[in-house]
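Since the structure comes first, as structure tokens, the remarks are kept for the end.
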Amino acid sequence: MKLLCLLFFLIIVADPCSSQNTFFEPGAIWKDTEGKHINAHGGGIYSEGDTYYWYGEHKGQSSIAQVGVRVYSSSDLYNWKNEGIALAVSNDLDSEITKGSVIERPKVIYNNKTGKYVMWFHLELKNQGYAAARTGVAISDSPTGPFKYLKSYRPNANVWPLNFPLSNQKRTKKNELYEWWTPEWKAALIEGLYVRRDFREGQMSRDMTVFVDDDGKAYHIHSSEENQTLHISELTDDYLDFTSRWTRMKPGGQNEAPAVFKHNDTYYMITSGLTGWAPNAARSFSAKSIWGPWKSLGNPATGKLAQVTFNSQSTYVLTVNGVEDTFLYMGDRWNPKNHIDGRYIWLPIKIKNKKPEIEWFDKWALSKYNSIQP
Ligand code: GAL
């Protein structure tokens, strides 16, 4: 009997499932409920009822997609259960999402009208580096998948952006091929050099996010024009296509890694600069309309390591259910030598004087009382 009791005690104590996380520890190894380091990079969260679903890139040592998009579920944001692969890479060599392609920054939204879950992601075709610059879309009947891949493309082919002057709506001429980084190049870029160049084929689409507004309209926000300008595009009612209404945000502003959220009728955006896997100072913006104009609010990160955004790059901002005015910054601390070891930097965002502010905490928790306690 004594032996049995001892055994029982050991099982209870040693059971990894019974160890519940009760706080965030940005940059530490975050284990799922089975004790494995969470593999969901460049991620985003979709929530339904009391459940949060965290989708992200399943990485190996390299960043190339070998598995697909993984999904985890949680009811408290601290403890995550592995729900498997939401979108699997294909073994078919002819598939656009074949093993060896690049699948980044997956974001899932739910369409009320069709009852479908829609995943958008940045897709680069196999063996083409980052040249393809496409956006891909997949669909599912369940938040955990399996998602069925539909298509990918460069969006907004043959349509000019809203408010694009008629005088700029011309074909790119030979003499428009400026030497990069010269003042002439920059001026031409701002005026629409690459919009014109890519008019027929569609606009480049790399780092991206999707945002659903209160009225149910969804927007796809992506880094375009050789990563020099963000494009904001409206999606169709079923969220599966672009409507042709789109705009350029901060032409020549070099913004990547966009994350959008809304607070008191104001839209906020957090982005990074362009330094690849290396961290840089985040930027923040606000606007009264999703179409802009977007006002620059500077680096939202404060304190030590603000200049490198606490060694992270934005991927999503979560509006926390049931905790009013609480926003969670989700960033990636990339490890390009061993991508699977990338870490998650989640921190509270406070809106102070109509400006988002992100402060570092070694450990922190969301309180039940509408505020954030370090
Ligand atoms: C980063 C981007 C990542 C990935 C990487 C590739 O700037 O945010 O998602 O594309 O470049 O170098």
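Both counts, for ligands and for their atoms, begin at 1 and track the order of listing. This is a predicted model, so every value here is computed, not measured. Values below: every heavy atom of this structure, side chains too, minus hydrogens, waters and symmetry copies.
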Which protein non-hydrogen atom lies closest to [atom], naming both residue and atom, and how far is it?
atom: atom 10 (O) of ligand 1; result: Glu104 OE1, 2.7 Å
atom: atom 7 (O) of ligand 1; result: Glu256 OE1, 2.5 Å
atom: atom 8 (O) of ligand 1; result: Asp207 OD2, 2.6 Å
atom: atom 9 (O) of ligand 1; result: Arg105 NE, 3.0 Å
atom: atom 1 (C) of ligand 1; result: Gly276 O, 3.4 Å

Q) Below 4.5 Å, heavy atoms only, C-beta onward: do Asp207 and Gln313 meet side chain to side chain? A) yes
Q | Within-4.5 Å side-chain heavy-atom neighbours: Val137 and Tyr149 | A | no
Q.
Which residues pass the side-chain hydrogen bond (donor to acceptor under 3.5 Å, both in side chains) test with Ser284, not counting sequence neighbours?
A. none
Q: Give the minimum heavy-atom separation between Arg248 and Pro251, together with the two atoms involved.
A: NH2-CB, 3.7 Å
Q.
With the threshold set at under 4.0 angstrom, would you say Ala257 reaches ligand 1 through any of its heavy atoms?
A. no
Q: Assert yes or no for the condition that the ring centre distance of Trp30 to Trp80 is strictly below 6.0 Å.
A: no
**Q.** Heteroatom proximity flag, Gln313 to ligand 1, N/O under 3.5 Å
**A.** yes
**Q.** By ring-ring contact (aromatic ring centres under 6.0 Å, His included) - contacts of Phe261 (at least two apart)
**A.** Tyr268, Phe327
